[in-house]
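First the structure, in the form of structure tokens, and then the observations on it.
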Amino acid sequence: MEAMKATMVRSHLLSTSGPSNILPRSSPANGPDFVRFGTNFHSSTKHYSSISHSKLAHKRVGFGTRRCLVVRASSAPDSVGSTESPIAPLRLESPIGQFLSQILISHPHLVPAAVEQQLDQLQTDRDADIKKEDPSASGTDLVLYRRIAEVKANERKKALEEILYALVVQKFMDANVSLIPAISPSSSDPSGRVDVWPSQDEKLEQLHSPEAYEMIKNHLALILGNRVTDSNSVAQISKLRVGQVYAASVMYGYFLKRVDQRFQLEKTMKILPNASDVEESDIQQVVGESMRSNGEEGSFQAASSHPEVSSWSNDISPGGFGQGIKPSRLRNYVMSLDGETLQRYATIRSKEAVSIIEKHTEALFGRPEIVITPQGTVDSSKDELIKISFGGLKRLVLEAVTFGSFLWDVESYVDSRYHFVLN
């Protein structure tokens with residue numbers, strides 16, 4: 001079936017001159033923000049308004065006949081321009097990103113086949129650029145060639161980022177979990193709370209192994225303390241701090257999925273080691289240090305030092321790491337790893353994944369205005385405060401950890417077809 005889908009998308013895309021010929025038209029004002037063009041998108045690109053199914057067609061292949069479903073561009077309006085809420089806070093701007101955005105809305109089950117086709121094309125383009133290298137070029141020609149190659153490489157990098165993001169979004173859709181929209185006070189809530197989204201904690205819990213979820217509950221306990229079971233109380237918290245914790249939790253989820261895969265493999269092979277004397281604080285410290293090194297230029301990461309930010313509010317857990325931690329098999333396994341291995345597992349492997357974390361966080365919380373004082377501290381005078389329940393905070397953290405887990409999965413999948421991961 002997957003081969004059938006891939007053939008279907010491939011045959012359609014190859015009949016055009018690339019993804020720019022099958023782009024969805026920019027949505028009307030009342031359409032989903034997810035499929036609108038960004039401000040840097042060039043209007044000279046040819047667009048189509050929707051993607052629709054054609055009828056089942058028979059194609060003769062070899063000695064037999066194979067039935068396949070064909071995707072074609074159509075100018076007829078459909079539900080793409082409806083008033084439904086955006087399916088993700090980040091707008092995709094590249095031609096490939098726009099194409100995948102349209103498929104996510106109209107036919108999400110076709111995303112893997114479409115991604116496979118786009119990765120094949122990216123690989124073809126990259127190979128062609130390598131073959132075009134002319135070592136004999138010099139002077140102005142060499143400068144021009146290098147500039148053109150740089151522009152093309154940046155375009156491929158952006159397309160790759162948006163392929164990763166589209167695949168993460170699709171995994172949430174497959175799990176029937178809606179991503180939290182951009183954070184802003186709700187007009188429907190008289191108190192001005194931002195968390196009007198439905199609770200999906202049970203669905204998010206089921207997306208992790210039992211051992212990994214034990215670690216996630218410890219992560220929640222470190223952040224929320226004794227408020228972890230208090231869903232209704234509302235706190236007024238720094239929006240910047242919430243954004244920092246969200247970004248840190250994405251990285252924690254990425255690390256957790258990576259180490260859980262190794263744990264599950266060794267558990268299956270019955271070669272699990274005994275736990276060592278590594279402290280829980282060492283685990284969290286490694287993730288925090290990796291976050292700073294990966295996102296040192298990012299607005300949210302730059303001001304964040306740890307997954308647990310005790311300066312949110314007096315209501316947030318003031319305790320340090322290691323308090324309220326419950327023993328678990330995966331935690332014991334993580335503590336058996338040496339510091340170098342922990343550091344490597346906590347490091348995001350690609351620049352594209354780092355960029356996606358920052359762009360998604362900024363799309364969710366907005367880009368904060370960070371001012372560093374002469375003393376080296378963050379000036380919080382312009383920081384926005386938001387009203388959010390502790391149940392809403394828990395939902396944010398659970399989503400962030402799951403986002404990181406999915407990011408690890410899709411990064412590995414894409415790298416197996418289009419190598420871009422450096423370590």
Side-chain angles (χ1 to χ4, degrees), residues 1-2 5 27 31-35 51-53 69 71 78-92 97 100-116 162-183 186 188 194-217 219-220 231 246 249-250 252-254 256-257 260-261 356-357 360-361 363-364 388-389 391-414:
M1 188 63 183
E2 291 299 325
K5 294 178 182 177
S27 302
D33 288 343
F34 186 70
V35 295
I51 301 294
S52 64
H53 284 292
L69 188 62
V71 177
D78 60 10
S79 61
V80 172
S82 67
T83 58
E84 295 179 359
S85 300
I87 58 177
L90 180 61
R91 302 179 186 181
L92 302 188
L100 294 177
S101 297
Q102 186 71 25
I103 296 181
L104 275 168
I105 293 174
S106 56
H107 308 296
H109 61 286
L110 299 181
V111 169
V115 164
E116 184 179 341
E162 298 192 348
I163 285 174
L164 292 171
Y165 190 76
L167 287 172
V168 170
V169 172
Q170 191 223 11
K171 288 179 76 69
F172 275 100
M173 295 177 70
D174 286 347
N176 197 27
V177 174
S178 57
L179 284 163
I180 294 173
I183 302 295
S186 172
S188 61
V194 298
D195 56 315
V196 293
W197 50 79
S199 173
Q200 302 186 71
D201 294 358
E202 292 185 3
K203 292 181 180 179
L204 290 167
E205 175 183 350
Q206 295 171 1
L207 298 175
H208 305 275
S209 70
E211 295 88 353
Y213 191 69
E214 286 296 321
M215 293 280 287
I216 293 171
K217 288 194 292 186
H219 180 69
L220 286 166
S231 300
Y246 187 95
S249 296
V250 172
Y252 183 74
Y254 181 98
L256 193 58
K257 184 56 179 286
D260 186 45
Q261 280 190 345
I356 282 298
I357 293 173
H360 175 72
T361 306
L364 192 57
I388 185 170
S389 69
L393 285 172
K394 180 181 178 181
R395 168 76 167 84
L396 273 171
V397 173
L398 284 175
E399 176 186 289
V401 172
T402 306
F403 190 100
S405 176
F406 285 167
L407 184 58
W408 162 261
D409 287 337
V410 304
E411 184 188 54
S412 301
Y413 167 78
V414 171

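Being a predicted model, the structure only gives us computed values, none of them experimental.
Of the possible donor and acceptor atoms, one in the side chain of E399 sits under 3.5 Å from a partner among the backbone N and O of I180. A donor-acceptor contact shorter than 3.5 Å links the side chain of K203 to the backbone of N176. No donor-acceptor pair closer than 3.5 Å links the side chain of S405 to the backbone N or O of V401.
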- Given side-chain contact (heavy atoms from CB on, under 4.5 Å), test Y213 with L398 step by step and report yes or no. CA-CA 10 Å; Y213 191 69; L398 284 175; 4.1 Å; yes
- Should F172 and I87 be marked as a side-chain contact (heavy atoms from CB on, under 4.5 Å) after you check the CA-CA gap, both sets of side-chain angles, and the distance that decides it? CA-CA 10 Å; F172 275 100; I87 58 177; over 6 Å; no
- Task: Please lay out, stage by stage, how I183 and I388 fare under the test side-chain contact (heavy atoms from CB on, under 4.5 Å).
- Result: CA-CA 10 Å; I183 302 295; I388 185 170; over 6 Å; no
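When all heavy atoms of Q200 and V177 are compared, the pair lying nearest together is OE1-CA, 3.3 Å. Taking all atoms of both residues into account, the shortest heavy-atom contact from G392 to W197 is O-CZ2, 3.9 Å. Of all heavy-atom pairs between A182 and A363, the closest is CB-O, 3.6 Å. In terms of heavy-atom proximity, S249 sits nearest to H219 at OG-NE2, 3.0 Å. The minimum heavy-atom distance between P108 and M173, with the atom names listed, is CB-CE, 3.9 Å. Nearest heavy-atom pair, D260 versus S209, reported as atom, atom and distance to 0.1 Å: OD2-OG, 2.9 Å.
When side chains are defined from C-beta on, F403 does not count as touching T361, because their heavy atoms never get closer than 4.5 Å. Side-chain contact between K257 and Q261 is present, with at least one heavy-atom pair separated by less than 4.5 Å.
Ring planes of Y254 and W408: perpendicular class, angle over 60° (limits at 30 and 60°).
Interatomic distance, Y252 OH to I216 CD1, rounded to the nearest 0.5 Å: 7.5 Å. Here CD of Q170 is found 10.5 Å from CD1 of I103. Values are rounded to the nearest 0.5 Å. Note that CZ of R91 and OH of Y165 are 12.0 Å apart. Values are rounded to the nearest 0.5 Å. With values rounded to the nearest 0.5 angstrom, K394 atom NZ is found 13.0 Å from L396 atom CG. Between atom CG of residue L92 and atom CD of residue Q102 there is a gap of 12.0 Å, rounded to the nearest 0.5 Å. Rounded to the nearest 0.5 angstrom, I357 CD1 and Y246 OH are separated by 10.0 Å.
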